[in-house]
Amino acid sequence: MSEAAAPAGDIPPFRYTAAMADEIERRWQDTWEREGTFHAPNPTGPLADPGHPRAGAEKLYVLDMFPYPSGAGLHVGHPLGYIGTDCFARYQRMAGRNVLHAMGFDAFGLPAEQYAVQTGTHPRTTTVANIERYKAQLRRLGLAHDERRSVATIDTDFYRWTQWIFLQVFNSWYDADARKARPIAELTAEFAAGDRPTPDGRAWAELSPAEQRRIVDDHRLAYVSQAPVNWCPGLGTVLANEEVTADGRSDRGNFPVFKRNLKQWMMRITAYGDRLLDDLDTLDWPESIKLQQRNWIGRSTGAHIDFPTGTTDSGVAGGARIRVFTTRPDTIFGATYLVLAPEHELVDALTPAVWPAGTRDAWTGGHAGPREAVEAYRKAAAAKTDVERQADTKEKTGVFVGAYATHPVTGGQIPIFIADYVLAGYGTGAIMAVPAQDERDWAFAEVFELPIVRTVQPADGFDGKAYTGDGPAINSAAPERGLDLDGLGVADAKAATIAWLEANGHGVGAVTWRLRDWLFSRQRYWGEPFPIVYDATGAAIALPEEMLPVELPEVDDFSPKTFDPDDADSNPETPLSRRRDWVEVELDLGDGPQRYTRETNVMPQWAGSCWYELRYLDPTNAAHFVDPENEAYWMGPRAEGDCGGTDLYVGGAEHAVLHLLYARFWHKVLYDLGHVSSFEPFRKLFNQGMIQAYAFRDSRGTPVPAEEVVEVDGRWMHGEQEVTREYGKMGKSLRNVVTPDDMCAAYGADTFRVYEMSMGPLEVSRPWETRAVVGSYRFLQRVWRAVVDEQTGTLRVTDAPADTETRRLLHRVVDGVRTDMEGIRFNTAIAKLIELTNAVTRLEQTPREVAEPLVLMLAPFAPHVAEELWRMLGHDTSLAYADFPTADPALLVADTVTYPVQVNGKVRGRVEVPADAPQEAVRAAALEAVASALAGKEPRKVIVVPGRLVSVVA
RNA sequence: GCGGGAGUGGCGGAAUGGCAGACGCGGUAGGUUUAGGUCCUAUUGUCCGAAAGGACGUGGGGGUUCAAGUCCCCCCUCCCGCACCA
């Protein structure tokens with residue numbers, strides 16, 4: 001790849017080479033920085049600039065998912081999205097909009113910390129160095145960012161506001177009636193005024209301060225809970241549900257994760273389940289991402305139904321009630337047994353000492369008594385890993401607990417089972433089984449010979465087992481009990497059943513969620529400290545705003561305590577707890593100096609990315625995290641009911657339920673509290689594709705450097721050795737990494753940018769092919785040559801008007817490129833520019849009326865060479881704010897049209913007619929053109945598609 | 001299993017139901033050059049044909065239509081997500 005860079009002796013002195021590109025690019029990057037070319041004016045504050053050419057113009061906020069500055073640096077896949085947003089932003093700026101585009105760094109978190117641990121240096125040292133390296137790499141690409149707005153989550157100026165937002169969350173509660181968060185002080189006031197009953201009904205004033213605090217704390221959106229959490233000894237920290245894969249391992253590092261009952265900080269994201277789900281409809285996001293969020297949130301609407309139980313020696317006086325959750329209350333007449341999760345809390349109480357009379361052998365699991373059977377089943381279920389459980393989904397297992405429940409409508413006795421196909425963590429951990437309308441229940445009923453009663457009439461021709469479709473209810477009448485569903489459709493039957501349950505005290509309509517509260521604390525060092533201290537009673541107390549930021553202290557040993565990855569019984573230990581002098585602190589929080597203990601957990605890596613897009617808007621504001629006027633301008637709703645948010649957000653699809661869900665949650669809290677005017681952070685989301693690469697292995701399976709492999713007669717050769725080819729991510733270990741630095745050295749940043757944008761639609765993943773980059777290089781050389789004489793360096797541009805054909809082509813291209821740019825179809829936009837360039841290349845001299853628009857249209861993709869040519873064309877200011885060319889509609893319609901003429905669907909001739917020729921004339925000319933193909937036959941039908949073609953049916 | 005997306009030349013990819021393969025890579029031929037490379041020109045879906053031209057072609061099979069890569073039905077393959085969520 002170095003041959004393109006090495007100037008051979010006979011290369012013309014003014015040819016566009018990699019060396020020249022390098023000189024041009026660095027010079028323009030310096031110019032842009034010196035002149036602050038890409039500074040976007042704010043409406044107010046230090047970044048306001050009323051004299052700016054775009055001050056007060058229609059705004060556009062373009063955002064990239066900001067990077068983790070990893071130690072490995074960038075490969076050619078990383079900047080794909082950044083180049084895409086840059087091309088879009090540059091186009092929109094030229095099209096007249098005030099464009100905000102900035103780049104920051106997500107620098108707290110595990111990877112940065114792990115890299116630091118590996119290299120034995122402080123995470124801040126390595127992270128800052130990595131950020132500098134990223135910045136240099138990105139600068140080399142000529143990205144038009146407003147560098148004044150760059151932030152890093154590790155800056156105290158930044159994380160002081162992350163902590164401030166945490167305090168907003170902590171000091172809020174969710175008012176379910178108002179469907180919004182409100183300040184916690186308003187809750188306390190309602191309790192004190194008696195407007196809101198306390199949990200046990202006593203007057204607020206009668207409660208001790210500790211009791212009052214407990215009640216208030218139970219309402220906070222950020223709270224401490226003692227609950228089963230995901231403990232990952234291999235990482236030495238707990239993890240959120242979103243960070244644990246389906247097979248029970250850590251998303252990062254792939255370590256085993258165990259359920260441990262630990263005290264941890266949680267965020268009450270479940271309070272926002274409805275809005276997080278419903279507001280997806282307002283977003284312009286890829287359907288697949290919306291679907292992933294819908295699935296993750298997992299709202300199920302149905303009912304809780306109570307089934308009374310009475311066992312002889314269960315110890316439950318008068319019998320307990322088993323509360324089940326179902327989405328199909330309409331099928332209650334088909335409920336022929338109950339199933340509890342093996343871990344369900346009532347199982348022990350329900351299980352008698354001996355099998356009741358008439359217990360079938362199949363139900364006992366071969367055990368002499370129900371207690372042995374239950375214990376054996378639980379043991380077997382607990383021993384199974386999640387993976388094994390999933391593998392066993394076909395064969396249903398379970399055991400009868402030896403007790404019966406009373407059907408709330410029919411009064412019949414139905415057996416109670418435990419089975420691992422019912423999950424303890426979902427709904428109530430208990431179901432009513434309706435085999436006729438549920439495939440899982442049907443499968444279980446087959447194994448255990450349980451009755452199956454159809455209560456929905458299957459559609460005609462249905463020959464399956466369980467029927468889950470819609471249809472009229474059957475076998476569903478108990479007039480003596482006041483419930484008759486027969487004939488009702490599913491929806492009506494559900495409503496009728498819920499009404500009956502509620503009226504008769506047997507249940508209540510209910511909604512359950514798959515979404516759990518967000519586990520927010522991590523036992524790591526490299527994160528934002530909590531602005532929380534504990535008093536002598538152990539109560540968590542928010543530090544006042546003026547004590548922010550709580551700076552991350554230095555520690556001798558920043559590495560987390562990690563454990564044997566399989567040691568489920570290990571206990572987390574926070575690195576910050578080692579700094580006792582930091583942990584123990586004397587503060588005056590209003591009632592005199594007192595001793596407090598600091599929270600030693602840190603926030604998860606997601607905290608900073610939950611709101612960084614807001615800080616770009618007003619990065620220097622010391623009084624607010626963002627000035628409301630600036631937020632309203634850049635992100636506010638455009639119309640009544642509009643969600644607001646960034647106008648374009650580009651990033652990978654892998655954050656579907658992590659960052660994108662958490663950020664929406666925080667944004668909604670800030671919205672409820674009146675700090676922002678938009679109720680969604682990202683209006684339009686675009687997932688860029690992944691650039692992958694081929695890797696090659698020799699006969700021993702060892703990867704060989706991909707750049708040294710050549711194709712010979714369809715075989716892949718590394719020297720004399722044949723190697724095998726595979727396709728996947730770029731990585732050091734596969735020896736197939738290509739970096740932007742390589743490409744900039746060999747061809748220049750502009751060529752690299754054009755290549756990445758032209759290789760396919762931005763959203764599509766594609767293989768990297770270094771040898772194809774030369775095509776973009778040649779393209780830029782042809783543009784250069786169209787403007788500059790390679791031998792003399794003088795202009796080849798003429799002021800004489802272009803010929804009509806060239807002028808029409810220009811305007812067609814202008815029109816097409818504008819449409820493509822608006823639609824983020826850069827590959828086809830570049831193809832059109834190449835066509836135009838190839839057309840002018842053939843001309844003796846390039847008309848200025850073509851050269852100038854060509855250079856302007858090229859500018860979003862190849863900004864440096866475009867600026868250089870623009871200057872050579874006689875302009876003394878940057879083209880960043882030049883008007884993007886506009887097509888003359890009159891030149892888009894041709895004088896004449898050439899119609900292909902089809903006979904029976906095949907093109908048999910062509911006819912050129914005036915564009916305004918009447919259809920009759922087109923028809924006549926067409927028939928004449930294909931007269932020989934018709935061989936004198938009279939056409940049965942002639943279809944003239946204006947401007948398109950003529951179709952003759954013979 | 002369920003849901004989503006996608007199958008077009010040797011490769012990446014273009015095509016409001018209207019001439020399939022824009023544009024680029026690669027290949028072939030020629031020009032420039034001492035040579036190679038660069039650069040330029042032409043050509044490049046497959047098959048038949050000397051050519052003119054013709055036939056066939058968008059994963060497979062049916063259908064709608066004057067006309068289907070595009071719309072409808074069935075099937076196959078690949079990728080992604082979820083995975084007993086009641």
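Within every chain, numbering begins at 1; the chains are lettered A, B, ... in the order of the sequence lines, protein sequences first and strands thereafter. None of these values were measured; they are calculated from a predicted model.
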- Query: Hey, is Arg294(A) close enough to Asp281(A) for a salt bridge, meaning N to O under 4.0 Å?
  - Reply: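 Salt bridge present between Arg294(A) and Asp281(A).
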- Message: Do the side chains of Asp438(A) and Arg328(A) get close enough for a salt bridge, i.e. N-O under 4.0 angstrom?
- Response: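 Not counted as a salt bridge, because no side-chain N and carboxylate O are separated by less than 4.0 Å.
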- Task: Go through the side-chain N and O atoms of Trp442(A) and Glu446(A) and say whether any donor and acceptor fall under 3.5 Å apart.
- Result: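 There is such a pair (donor and acceptor under 3.5 Å, judged by atom type) between the side chains of Trp442(A) and Glu446(A).
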In whole Å, I'd like the distance from the [atom1] atom of [X] to the [atom2] atom of [N].
X         : N      : atom1 : atom2 : value
Ile289(A) : C80(B) : CD1   : P     : 14 Å
Tyr755(A) : C23(B) : OH    : P     : 18 Å
Leu780(A) : C23(B) : CG    : P     : 17 Å
Leu836(A) : G24(B) : CG    : C1'   : 17 Å
Trp513(A) : C82(B) : CH2   : P     : 19 Å
Glu763(A) : C80(B) : CD    : P     : 18 Å
Tyr747(A) : G24(B) : OH    : C1'   : 13 Å
Phe325(A) : C84(B) : CZ    : P     : 17 Å

- Going by a 90° cut-off around 0, is G26(B) syn or anti?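 The base of G26(B) is oriented anti (glycosidic angle more than 90° from 0).
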- Identify whether any heavy atom of Ala831(A) sits under 4.0 Å from a base atom; if not, whether one sits that close to sugar-phosphate; answer base, sugar-phosphate or nothing.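 Result for Ala831(A) = base.
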How far does the [atom1] atom of [N] sit from the matching atom of [M], given to the nearest Å?
N      : M      : atom1 : answer
G69(B) : C39(B) : C1'   : 37 Å
C23(B) : A14(B) : C1'   : 8 Å
C11(B) : G62(B) : C1'   : 32 Å
G24(B) : A15(B) : P     : 16 Å
A22(B) : C72(B) : C1'   : 29 Å
G60(B) : G54(B) : P     : 25 Å
G21(B) : U46(B) : C1'   : 13 Å
G45(B) : U38(B) : P     : 23 Å

- Message: I'd like to check the salt bridge (charged side-chain N to carboxylate O under 4.0 Å, His left out) partners of Lys729(A); sequence neighbours left out, ordered by chain and number.
- Response: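 Lys729(A): no salt bridge (charged side-chain N to carboxylate O under 4.0 Å, His left out) contacts found.
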Can you tell me the pairing partner of [N] across any strand shown, Watson-Crick or G-U wobble, with both distances under 3.5 angstrom?
N      : answer
G81(B) : C2(B)
U28(B) : A42(B)
G53(B) : C48(B)
G9(B)  : none
A68(B) : none

On a heavy-atom basis, which atom in [X] and which in [Y] lie closest, and how many Å separate them?
X         : Y         : answer
Ile691(A) : Glu756(A) : CD1-OE2, 3.5 Å
Tyr377(A) : Pro342(A) : CE2-CG, 3.9 Å
Ile289(A) : Ala656(A) : CD1-CB, 3.8 Å
Pro286(A) : Leu685(A) : CD-O, 3.3 Å
Arg249(A) : Val257(A) : C-CG2, 3.7 Å

- Task: Using the closest heavy atom to pick a nucleotide of RNA chain B for each, name whichever of Trp296(A) or Glu287(A) lands nearer the 5' end.
- Result: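 The residue closer to the strand's 5' end, by nearest nucleotide, is Glu287(A).
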Would you please confirm or rule out a distance under 4.0 Å between OP1 or OP2 of [N] and any side-chain N or O of [X]?
X         : N      : result
Lys290(A) : G81(B) : no
Arg908(A) : G54(B) : yes
Arg514(A) : A83(B) : yes

- Item | Closest to side chain of Ile834(A), choosing from G3(B), G81(B), C23(B) |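 In terms of side-chain proximity for Ile834(A), the closest of G3(B), G81(B), C23(B) is C23(B).
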- Message: Using a 4.0 Å heavy-atom cut-off to protein, can you give one letter per nucleotide of nucleotides 39-49 of chain B, 5' to 3': B if the base is in contact, S if only the sugar-phosphate is, - if neither?
- Response: SS---------
- Contact state string [nucleotides 12-19 of chain B, B base, S sugar-phosphate only, - no protein heavy atom under 4.0 Å]: SSS-B-BB
- Intermediate values then yes/no, ring-ring contact (aromatic ring centres under 6.0 Å, His included), Phe448(A) and Tyr337(A): CA-CA 11 Å; Phe448(A) 291 90; Tyr337(A) 58 97; 8.4 Å; no
- Message: Would you say the rings of Trp768(A) and Tyr755(A) are close, in the sense that their centroids are separated by under 6.0 Å?
- Response: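 Yes, the ring of Tyr755(A) comes within the 6.0 Å limit of the ring of Trp768(A), centre to centre.
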- Message: Check the orientation of Tyr16(A) and Tyr777(A). Use parallel for under 30°, tilted for 30 to 60°, and perpendicular for over 60°.
- Response: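 Geometry flag for Tyr777(A) against Tyr16(A): tilted rings.
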- With distance as the sole criterion, do the side chain of Lys396(A) and the base of C84(B) form a donor-acceptor contact below 3.5 Å?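 Answer is yes: a donor-acceptor pair is held.
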